[in-house]
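Shown next, in structure tokens, is the structure this report addresses.
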Amino acid sequence: TTLTIEVNDINDAPSAKLPKSALTVYEDAANGDKVGKPIIGDDEDVDDAVKYEWNSNSEDASSVFDISSSSGQITVKNGTLLDHEGIEKYSPVVLVTDKKGLTATVKAPITVLDVNESPEVQETSITISEDVSSDSILVTLSISDPDKGDSHTCRIISGNSDNAFSLDSSSHSLTIGNESAVNFESGITAYSLRVKCTDVQGEEHTTSVEISVEDANEAPLIQSQIIDLTENSVANIILVDQKNIGIEDEDYGGEVSNHTLQIIGGDPANIFRVDGQNILINAREWGSNSSLNDKPVVINSRSNHGGAEHA
């Protein structure tokens, strides 16, 4: 007697495993770009087939990546969401299902690789006084860069007439480079600097720094003069009149009619007095040994805005 035993096939669950190479993608990848090699799903049942999809616990990755239901190939779904600095690693779970509904899962870690990105330098507008000191920091550039720890070198590339300004390449601080160039009365009351900042890998960004120069009240000047005076000169004669006193002032187009004079030294005998912008002789007894011989008289000129200068 022959006993025949027939073994009936039952459906076996599929298997799922990762490809040998890591799943990586650059943060600047475009939609549709492949992410590594396909996930490997297998089923030992004859004529069975498997399909691939994201497990329900993979919501964070499913908005960024697609997986082909037939091949298991992962691709970029929305490249705008790729950001190495924001999310560097995703850990979605791939669900592999055969025709009869049996499943297998495998975690598919995806690493988002960094790409060097351009820095961004904020546009700046400032107002300075023409008498600002050369060691004063006018402004420090504000630089943002998606790449953590990146450093930047900055330089002025245009608009810096007569090298009026200086920019520290590493601290990004702007200072006066040429004090004589920053002069309201010269007619240049605004500068538009173009500044370029470059990161360590050569990515760069150019921005503008707008600078307005305000007038500052500057001290007037009195030209030194040598005047011969004969002793016994009569009182109240005008020794120097306002036309010849020699007052100069850069402010207000050189207008000096509102300036006042004051004798502040060199006249211990009170020989002279100021009347408006005229220097007059006081009434006095002249002596042969006048203390005035070859002694300078020091005159102070003051504008109605406060600046003063000696001569």
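Counting from 1, the numbers follow the sequence of the chain as shown. Note that these values count all heavy atoms, side chains included, but never hydrogens, waters or copies made by symmetry. Computed from a prediction, not measured in an experiment: that's the story for all the values here.
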Should [X] and [Y] count as side-chain neighbours, where that means a heavy-atom distance under 4.5 Å?
X	Y	answer
Glu214	Glu130	no
Asp215	Glu185	yes
Phe272	Leu239	yes
Ser142	Thr124	no
Val132	Ile176	yes
Val240	Asn278	no
Ile238	Ile279	no
Val209	Leu141	yes

Supply the atom-to-atom distance [X] [atom1] to [Y] [atom2], rounded to the nearest 0.5 angstrom.
X	Y	atom1	atom2	result
Thr153	Lys196	OG1	NZ	12.5 Å
Asn160	Ser158	CG	OG	9.0 Å
Lys100	Asp43	NZ	CG	10.0 Å
Ile39	Thr105	CD1	OG1	11.5 Å
Glu203	Asp145	CD	CG	9.0 Å
Leu174	Ile126	CG	CD1	6.0 Å

Using every non-hydrogen atom in the two residues, find where [X] and [Y] come nearest and quote the distance to one decimal.
X	Y	result
Val96	Ser15	CG1-O, 4.3 Å
Asp162	Ala181	CB-CB, 3.8 Å
Thr140	Ser173	OG1-OG, 3.2 Å
Ile237	Ser233	CD1-CB, 4.1 Å
Glu117	Asp147	N-OD2, 2.6 Å
Cys154	Val195	CB-CG1, 4.3 Å

Within residues 124-168 or reaching into it, pairs that qualify as ring pair (Phe, Tyr, Trp, His ring centres under 6.0 Å) - sequence neighbours excluded: Phe165-Tyr191
Kindly state each residue pair satisfying side-chain hydrogen bond (donor to acceptor under 3.5 Å, both in side chains) with at least one member in residues 18-28, sequence neighbours excluded. none
Looking at [Y], is its backbone amide N or carbonyl O close enough to the side chain of [X] to form a donor-acceptor pair, meaning the two atoms are under 3.5 Å apart?
X	Y	answer
Ser71	Gln73	yes
Asn55	Ser58	no
Lys77	Ser62	yes

Are [X] and [Y] connected in the hydrophobic side-chain network, where two residues link if heavy atoms are under 4.5 Å apart?
X	Y	result
Val25	Leu113	no
Val115	Val35	no
Leu95	Trp54	no
Ile74	Val76	yes

Test side chain to side chain contact (heavy atoms under 4.5 Å, CB included) applied to Ile222 and Leu261, step by step: CA-CA 10 Å; Ile222 307 177; Leu261 300 179; 4.2 Å; yes
Using distance only, find each side-chain donor-acceptor pair of residues 80-94 under 3.5 Å and give its atom names and separation, not counting sequence neighbours.
unit_1, atom_1, unit_2, atom_2, d
Thr80, OG1, Asn78, OD1, 2.5
Asp83, OD1, Glu85, N, 3.2
Asp83, OD2, Gly86, N, 3.4
His84, ND1, Val112, O, 2.8
Lys89, NZ, Thr111, OG1, 3.0

Could you tell me if [Y] and [X] have a donor-acceptor pair between their side chains, going purely by distance under 3.5 Å?
X	Y	value
Ser171	Asp168	yes
Glu210	Ser125	no
Glu120	Ser144	no

Residue pair Thr97, Val50: steps toward the side chain to side chain contact (heavy atoms under 4.5 Å, CB included) verdict: CA-CA 5 Å; Thr97 307; Val50 296; over 6 Å; no
Looking at Ile157, I want to see if its CD1 is surrounded by more than 12 non-hydrogen atoms of other residues, nucleotides or ligands under 6.0 Å. yes
Could you walk me through whether His205 and Asp199 pass the side chain to side chain contact (heavy atoms under 4.5 Å, CB included) check? CA-CA 9 Å; His205 185 255; Asp199 70 12; over 6 Å; no
Is there a side chain to side chain contact (heavy atoms under 4.5 Å, CB included) between Ile110 and Phe65? Walk through the geometry before answering. CA-CA 10 Å; Ile110 300 172; Phe65 303 102; 3.8 Å; yes
